[in-house]
Amino acid sequence: MPADSHCHLNNPAFADDLPVVVRAVEEAGIVALLNVGYDLATSERAIELAHLYHFMFAAVGVHPHHAGDVDDATIATLREWGARPEVVAIGETGLDYYRNRSPKDAQERSFRAHLAIARALNKPVIVHCRDAMDDCLRILEEESVGEFGGVMHCFAGTPADVRRVLNLGMYISFAGNVTYPSAQTLRDSLVATPGHRLLIETDAPYLTPAPHRGKRNDPTMLTHIVELAAELRGVTRADIERLAMTNFDELFRTGRGFAGEVAYRIRNSVYLNVTQSCTNECFFCVRYHSDSVQGHNLRLPKDPTADEMFAAIGDPTACDEVVFCGYGEPTIRLTRIKEVARRVKAAGGRVRLNTNGHGSHLAKRNIAPELVGLVDEVSVSLNGADAATYDAVCKPLIPHAWETTVAFIRDAKAAGLSVTATVVAIPNLVDVEAARRFAEDDLGVKFRVRPYDLVG
Ligand code: SF4
């Protein structure tokens, strides 16, 4: 169920065989695509296509190449078209200093005018940025893009640029050029983009992915980008497709949102969305930035009962493991997770608990012995080799949180549980090697580094 976040079936390249292409796109399982206007004619055509085909949406805008042609009448027309419900974004707009087909001042004027429309209509903006990252990001920040959202389409920046775009609250979309042999930096950027901010696109008819370079691109070729993204990120194709679809719906506010999920599958593990409550407020926590993890909506109206959790798992032997996890700290619901774990074990399944290690504090007793026989593996978020680092990263709501976490790790090991301490590799904040030494040498447990901003 992939979604193509940026293509141009409104381009004359598809004038002769559009019905054939559309049939192939539907047969390929593309469930949504966004036709993006790059001048008034193609913007109007994108709207027409959204009327003709239920799975197509439209964006209206004028490409920076044509910024010199943008006048007040153009902006008024885009403003009027942009208000239509089938138009879910404004663009593509931005800056292109690579070809410089319009003067830079005209590009900036047009870019700011598009951003003003997006703000007025509260719709996301689609940004084309080529050899102009500093100016693009400066203008986006000055125009407060975070208030209405947007995407850097056909991203062409470094992993450091990824961080700067994320700080503006924007999404990042990767196109077929990520498959080109020379594009290692782009592939690094794709890996550095957190799942809840990732989109994929074909930019058809341009940027045909390998191995089809030289042919006309179309949305069926999205599969090559899906495959590469799955390989690079160590997940399945289904994980990437779901994530791209969910992010498409979130950014473009299609109104097709998915209901929150009690159990969700990543690779061949089933994760349980145990609770929305936590004793930490980790600044990196995805729940503060998104409703979804790897394309799964985790925002539940209430915490699930034990019966609901067990039913949502399905057959526990049909997955590698059942993981107690979610948008909060599972041991807040210790009684429930013990009950579900007991049933999973009785059915022959394997159980892992992801925890911040505060369970004993919450229960006012050492809970580690109670987990023996119910839990096969415990992953504990250590997040630093000292209390000061932990407090800076996790912003705990309980006193002496790091000491509590360390005590739980020691208790769990003493009880005979298989324990892995984890840290999130936050640059300039977490000393990963110090944490490794502390976990392996002092605590005598396994150690795992979790990439910053990559959840699940
Ligand atoms: S402990 Fe986990 S769920 Fe709680 S805030 Fe931190 S990352 Fe989020």
Side-chain angles (χ1 to χ4, degrees), residues 166 194-197 260-264 266 269-304 309 322-334 336-337 340 351-363 367-368 371 375 377-409 412 419-427 429-430 432 435 439 445 447-456:
L166 295 174
H196 65 286
R197 291 294 184 206
E261 296 172 69
V262 173
Y264 54 104
I266 301 175
S269 297
V270 170
Y271 289 75
L272 283 178
N273 190 5
V274 177
T275 181
Q276 312 275 300
S277 305
C278 193
T279 45
N280 278 345
E281 292 183 343
C282 305
F283 77 82
F284 61 83
C285 183
V286 67
R287 68 195 184 128
Y288 298 122
H289 313 295
S290 172
D291 288 344
S292 64
V293 167
Q294 295 286 0
H296 295 288
N297 186 337
L298 300 195
R299 203 66 76 183
L300 294 175
K302 67 173 187 55
D303 288 346
M309 283 191 271
V322 173
V323 187
F324 290 98
C325 192
Y327 261 8
E329 168 49 38
T331 59
I332 284 177
R333 307 191 70 218
L334 182 65
R336 299 289 174 272
I337 65 175
V340 176
V351 172
R352 173 156 60 99
L353 169 65
N354 281 357
T355 176
N356 62 16
H358 297 177
S360 295
H361 169 92
L362 294 165
I367 66 167
L371 303 176
V375 173
E377 178 75 36
V378 187
S379 295
V380 189
S381 303
L382 181 61
N383 282 336
D386 56 78
T389 303
Y390 187 91
D391 288 353
V393 172
C394 298
K395 305 186 189 331
L397 303 174
I398 64 170
H400 312 297
W402 185 75
E403 291 82 354
T404 297
T405 300
V406 170
F408 175 74
I409 292 173
V419 184
T420 300
T422 69
V423 298
V424 175
I426 301 170
L429 188 50
V430 174
V432 170
V445 297
F447 181 73
R448 185 166 71 88
V449 182
R450 294 163 55 202
Y452 184 33
D453 266 342
L454 191 57
V455 183

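The residues of the chain are indexed from 1 along the displayed sequence. Remember, it's 1-based here, ligands and their atoms both numbered in the order they're listed. Only a predicted model underlies this, so the values are computations on that prediction, with no experimental measurement involved.
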Sole candidate of Glu377, Arg448, Arg352 that passes side-chain hydrogen bond (donor to acceptor under 3.5 Å, both in side chains) when paired with Thr420: Glu377

Presence of N, O or S from Cys278 under 2.8 Å of atom 4 (Fe) of ligand 1: yes

Nearest neighbour in protein (non-hydrogen) for atom 6 (Fe) of ligand 1: Cys282 SG, 2.3 Å

Per-atom contacts of ligand 1 with Gly328, taking only distances under 4.0 Å to non-hydrogen atoms: 3 (S)

Location of contacts on Arg287 toward ligand 1, heavy atoms closer than 4.0 Å: side chain

Minimum heavy-atom distance Asp303-Gln276, with the two atoms named: OD1-N, 3.1 Å

Under-4.0 Å heavy-atom contact between protein and atom 2 (Fe) of ligand 1: no

Flag side-chain contact, heavy atom, 4.5 Å: Phe447 against Val432: yes

Close side-chain approach of Asn383 to Phe284, heavy-atom, < 4.5 Å: yes

Ligand-residue contact atoms, ligand 1 with Cys285, heavy atoms, under 4.0 Å: 5 (S), 7 (S), 8 (Fe)

Leu382 CG to Trp402 CH2 distance, which is reported to the nearest 0.5 Å: 7.0 Å

